[in-house]
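One structure is given below, encoded as structure tokens.
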Amino acid sequence: MSSLFSNLNRPMKRSYKLQRENMVDRQLKNRGITDESVLDAFNRIERHRFIEESLWDRAYNDSPLPIGLNQTISQPYIVALMTQALELTGEEKILEVGTGSGYQAAILALLSSQVFTIERHGELAKTARRVFESLGIHNIALRVGDGTIGWKEYSPYDGIIVTAASPETPKSLLNQLCEGGKLVIPVGGESLQKLYLYTRRGDDFDRKTLCNCAFVPLIGSEGWNNDS
Ligand code: SAH
């Protein structure tokens, strides 16, 4: 009997690895994610560890998933697109606004030297912190608060990723970019936004539109002003 159970356990683990490889091939490579280090990070970070166990069979689906408190872990492709846009070399200091499950931060942690991430819900922050610890990820600093005003103390950042949608681009975030630094942020209405990529050039900011997207709202002093 026991050998039967241990045999059952092994294919299970292997199948998540296989599902991740399929996710990387079909959802990322097929749609134009070409940065090998980004693709490698998506193979290494186990997305199922960032959601509750009852959803594990959907962990590698091509969609966002609920993480509680009306929030979601983003679709893998969108996480990859935002990450690739930063063109990371491994040396960077990154700020993420909207920790949520912690998945995006964990991907960034593999591809940069230090990640700062801010979440407004204490409960989500607590769960994410536990996942980082259990995965042995030590280059993420997490704070509970309003990320629309950034995290000035550690600025300027080489890259900033905002994973919730704002009616306008927060000035504080643009100001916390270093020269040549990049900000990726969804901006627009509550149900549909454009994903913008800004690059700092002195006091100017080049802006490129990456795609249309639909994120949960960014709530804070330079975002939407309440839950309703
Ligand atoms: N990056 C996340 C996606 C989470 S969804 C992941 O990989 O799972 C967006 C998150 O932004 C939610 O958890 C929400 O609570 C948070 N959020 C919204 N407004 C915020 C703000 N002003 N500051 C920090 N976090 C915010």
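These figures come from a predicted structure and were not determined experimentally. Heavy-atom basis, side chains included; hydrogens, waters and symmetry copies ignored. Both counts, for ligands and for their atoms, begin at 1 and track the order of listing.
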Atom 11 (O) of ligand 1 [closest protein heavy-atom partner, distance rounded to 0.1 Å]
Gly98 CA, 3.2 Å
Closest non-hydrogen protein atom to atom 9 (C) of ligand 1, residue and atom name please, with distance?
Thr163 O, 3.3 Å
Ring-face cation of Arg200 near Phe205 (centre distance under 6.0 Å, axis angle within 45°)
no
Between Leu124 and ligand 1, is there a nitrogen or oxygen pair with a distance under 3.5 Å?
no
Is Asp206 salt-bridged to Arg201, cutoff N-O under 4.0 Å?
yes
Looking at Ile118, which atoms of ligand 1 are within less than 4.0 Å of one of its heavy atoms?
24 (C), 25 (N)
Ligand 1 contacted by Ala128 (non-hydrogen, < 4.0 Å):
no
Between Ser155 (side chain) and Gln176 (backbone), is there a donor-acceptor pair under 3.5 Å?
no
Connected via hydrophobic side-chain network under 4.5 Å: Leu218 and Leu174:
yes
Could you tell me whether Gln104 approaches ligand 1 through its side chain, its backbone, both or neither, with non-hydrogen atoms closer than 4.0 Å?
both
Can you tell me which residue and heavy atom of the protein come closest to atom 23 (N) of ligand 1, and the distance to 0.1 Å?
Gly147 N, 2.8 Å
Does ligand 1 come near enough to Ala164 that some N or O of the ligand is less than 3.5 Å from an N or O of the residue?
no
Numbering the atoms of ligand 1 from 1, which are under 4.0 Å from a heavy atom of Val216?
5 (S), 9 (C)
Min over Leu69, Ile51, Thr72 of heavy-atom distance to atom 4 (C) of ligand 1 lands on Thr72
Distance from atom 18 (C) of ligand 1 to nearest protein heavy atom, with residue and atom:
Pro217 O, 3.5 Å
Which residue and heavy atom of the protein sit nearest atom 22 (N) of ligand 1, plus the separation
Ile219 O, 2.7 Å
Against heavy atoms of Ile73, which atoms of ligand 1 measure under 4.0 Å?
8 (O)
Please verify the inter-ring angle class for Tyr16 with His48; under 30° counts as parallel, over 60° as perpendicular, anything in between as tilted.
parallel
Is a side-chain N or O of Gln193 found less than 3.5 angstrom from the main chain of Ser166, in a donor-acceptor match?
no
Relative to the heavy atoms of Asp146, which atoms of ligand 1 are at a distance of less than 4.0 Å?
22 (N), 23 (N)
Tyr103 and Phe42 aromatic ring geometry - parallel, tilted or perpendicular at 30°/60° bounds:
perpendicular
Glu92-Thr89 side chain donor-acceptor pair, cut-off 3.5 Å
yes
For the atom pair CG (Leu197) and SG (Cys211), what is the distance rounded to the nearest 0.5 Å?
11.0 Å
Output the list of atoms in ligand 1 that are nearer than 4.0 Å to some heavy atom of Gly145, sorted by atom number.
23 (N), 24 (C)
Got a salt bridge between Arg20 and Asp25, using NZ or NE/NH1/NH2 to carboxylate O under 4.0 Å?
no
Below 4.0 Å from ligand 1: does a non-hydrogen atom of Thr99 turn up there or not?
yes
Determine, step by step, whether Glu133 and Arg129 satisfy the salt bridge (Lys or Arg N to Asp or Glu O under 4.0 Å) criterion, reporting the C-alpha distance in whole Å, the side-chain angles of both residues, the deciding distance to 0.1 Å, and the verdict.
CA-CA 6 Å; Glu133 265 166 37; Arg129 204 173 263 133; over 6 Å; no
To the nearest 0.1 Å, how far is atom 14 (C) of ligand 1 from its closest protein heavy atom, and which atom is that?
Gln71 OE1, 3.3 Å
Considering only heavy atoms, which of Arg120, Glu222, Glu119 lies nearest to atom 15 (O) of ligand 1?
Glu119
In this structure, atom 8 (O) of ligand 1 is nearest to the protein heavy atom Ser101 OG, 2.6 Å
Does Lys126 pair with Glu123 as a salt bridge, N-O distance under 4.0 Å?
no
